[in-house]
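Each residue takes its place number in the sequence, starting with 1.
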Amino acid sequence: MTDKLVSVENLSRVFDVSKPWLNRVLENDERKLLTAVNDVSFQINRGETFALVGESGSGKSTIAKLIVGLIGPSAGRISFDGTEIASQGSASMQQIRSRLQMIFQDPFASLNPRWRVKDIIAEPIRKFGLADDGDTREKRVNQLLETVGLSARDGAKYPHEFSGGQRQRVAIARALSSRPEFIVCDEPTSALDVSVQAQILNLMRDLQDEFGLTYLFISHDLSVVRHMATRIGVLYLGRLVEISDGKRLFSHPRHPYTKMLLDAVPDMDISGRQRKPVEGEIPNPIDPPSGCAFHPRCPLVKARCRTETPQLSAGDAGEVACFAVEEGRV
């Protein structure tokens, strides 16, 4: 066993968003490709929370779906505990799937409205053969419901009978039912009220300590990421522009995009520091800018930024892809 649990190498995903072939011929239109993820590489160590942040459309949820196998990559490799996922047969993949799970953004959409909660939570146990008889499964489901702060009696209810925060607790219980080591959390609190968000985040941290879980945590809310993340990767238009330790990223951001995101966070400590609204918007991924994709919004742009694409370079303060940092202009 090594400290590295998940490894993503040169991962890319391209979607064909063209019109049907006949329409393109009649309208003399070109084929259109959308690059949602572009040459992304990172590692997640056992027991840590690695967060991906960025504006909507930066590719966060696409990476989540790629890692759990909901969609396939166009290029690159995804390895789990030293085993490349794409090269596995159905039997081997079944065993890997029991070790990784996903918590979705909208708990109401991710839970079957026709099933009782006890059946929803018991399904992974049955599917992966973790309990042979119904009594054992029922006992396990009751334990999970109580672990996430619900009652065993709640198992007889349907998802629509719960509040948003309670439904997310059910989704967490379902994710835990296969005894996973790794959980992908795709904006698990963004659909919840602020007070409920805090409860769910504290629950997830407690469960991580109790079960030794590893998280990939995806969010656009930097205050949530600050509370949860061990390390943070910043995505912009499908590319990683910075990877850093969680505390260091908030105290010493290096990439201009990271600084722009942090400058827009409300000043809860009333420090008197000026806050700036986010300027511009993320470009169209079908027709991205040349060179560094951030250059149309960057205050430090130079001619080189418009023609060359910066690559992540490692240093004592983490990894960053920026010519301004490389040339000492930051």
Salt-bridge criterion met for [X] and [Y] (N-O under 4.0 Å):
X	Y	value
Arg304	Glu327	yes
Asp81	Arg46	yes
Asp154	Lys157	yes

- Do the numbers put Arg231 on top of the ring of Phe50, so that NZ or CZ is under 6.0 Å from the six-membered ring centre and no more than 45° off the axis?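 Arg231 over Phe50 ring: no.
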
From [X] atom [atom1] to [Y] atom [atom2], the distance as rounded to the nearest 0.5 Å:
X	Y	atom1	atom2	answer
Gln43	Asp3	CD	CG	10.5 Å
Asn45	Lys4	CG	NZ	9.0 Å
Ile78	Thr83	CD1	OG1	13.5 Å
Thr189	Ile103	OG1	CD1	10.5 Å
Glu308	His295	CD	NE2	12.5 Å
Arg114	Ile120	CZ	CD1	12.5 Å

Check: [Y] and [X] side chains under 4.5 Å, non-hydrogen atoms:
X	Y	answer
Arg179	Arg140	yes
Leu130	Ser178	yes
Tyr236	Pro283	yes
Ile200	Arg169	yes
Pro188	Cys185	yes
Ile232	Val225	yes
Ile44	Leu216	yes
Arg126	Glu123	yes

[X] to [Y] - nearest heavy-atom pair and separation:
X	Y	value
Leu5	Phe182	CD2-CB, 3.9 Å
Gln101	Arg97	NE2-O, 3.3 Å
Met102	Ala175	O-CB, 4.4 Å
Val6	Phe80	CG2-CD1, 3.9 Å
Phe250	Pro253	O-CD, 4.1 Å
Phe108	His160	CE1-CA, 3.9 Å

Linked, directly or transitively: [X] and [Y] (ILVMFWY side chains, under 4.5 Å):
X	Y	result
Ile183	Ile67	no
Met204	Val224	yes
Met228	Ile63	no
Phe42	Val184	yes
Ile218	Leu192	no

- Non-neighbouring partners of Phe323 that pass ring pair (Phe, Tyr, Trp, His ring centres under 6.0 Å), sequence neighbours left out: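 Residues passing ring pair (Phe, Tyr, Trp, His ring centres under 6.0 Å) with Phe323: none at all.
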
- Inspect the surroundings of CD in Glu30 and state if more than 12 heavy atoms from other residues, nucleotides or ligands are less than 6.0 Å away.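 Atom CD in Glu30 is not packed in, count stays at 12 or less.
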
- Query: Is it true that atom CG of Asp16 has more than 12 heavy atoms of other residues, nucleotides or ligands lying nearer than 6.0 Å?
  - Reply: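 Correct, the count exceeds 12.
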
- Task: Sort out for me which residue in Thr49, Leu222, Leu201 forms a side-chain contact (heavy atoms from CB on, under 4.5 Å) with His227.
- Result: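 Single side-chain contact (heavy atoms from CB on, under 4.5 Å) partner of His227 among Thr49, Leu222, Leu201: Leu201.
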
- Task: Only one of Val234, Leu52, Leu240, Leu235 passes side-chain contact (heavy atoms from CB on, under 4.5 Å) with Ser58; say which it is.
- Result: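 Result: among Val234, Leu52, Leu240, Leu235, Leu235 is the only option passing the side-chain contact (heavy atoms from CB on, under 4.5 Å) with Ser58.
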
Distance-only, no hydrogens or angles: does the [X] side chain make a donor-acceptor pair with backbone N or O of [Y] under 3.5 Å?
X	Y	answer
Thr35	Val14	no
Arg77	Val8	no
Arg167	Pro159	yes
Arg99	Pro180	no
Ser18	Lys32	yes
Ser98	Phe128	no
Asp133	Thr136	yes
Ser177	Pro124	no

- Task: Begin from the C-alpha positions of Leu11 and Leu66 and carry the test side chain to side chain contact (heavy atoms under 4.5 Å, CB included) through to its verdict.
- Result: CA-CA 9 Å; Leu11 185 66; Leu66 286 165; 3.7 Å; yes

Are [X] and [Y] linked by a side-chain donor-acceptor pair shorter than 3.5 Å?
X	Y	value
Gln105	Ser190	yes
Ser313	Glu319	no
Asp221	Ser223	yes
Tyr215	Arg205	no
Ser12	Asp39	no

- Pairs meeting criterion side chain to side chain donor-acceptor pair (under 3.5 Å) with involvement of residues 248-258, two or more places apart: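 Non-adjacent pairs meeting side chain to side chain donor-acceptor pair (under 3.5 Å): Glu55-Tyr257, Glu242-Thr258.
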
- Item | Intermediate values then yes/no, side chain to side chain contact (heavy atoms under 4.5 Å, CB included), Val117 and Tyr158 | CA-CA 6 Å; Val117 161; Tyr158 290 93; over 6 Å; no

- Task: Check step by step if side chain to side chain contact (heavy atoms under 4.5 Å, CB included) holds for Arg31 and Trp21.
- Result: CA-CA 9 Å; Arg31 190 181 179 196; Trp21 174 80; over 6 Å; no

- Message: Show, in sequence, the C-alpha distance, side-chain angles and deciding distance for Ile172 and Leu207, and conclude whether the side chain to side chain contact (heavy atoms under 4.5 Å, CB included) test is met.
- Response: CA-CA 10 Å; Ile172 293 171; Leu207 293 173; 3.5 Å; yes

Exercise answer: donor-acceptor pairs, residues 141-153 side-chain atoms, under 3.5 Å, sequence neighbours excluded:
residue : atom : partner : partner atom : Å
Asn142  : ND2  : Glu138  : O            : 3.3
Thr147  : OG1  : Gln143  : O            : 2.7
Ser151  : OG   : Arg153  : N            : 3.2

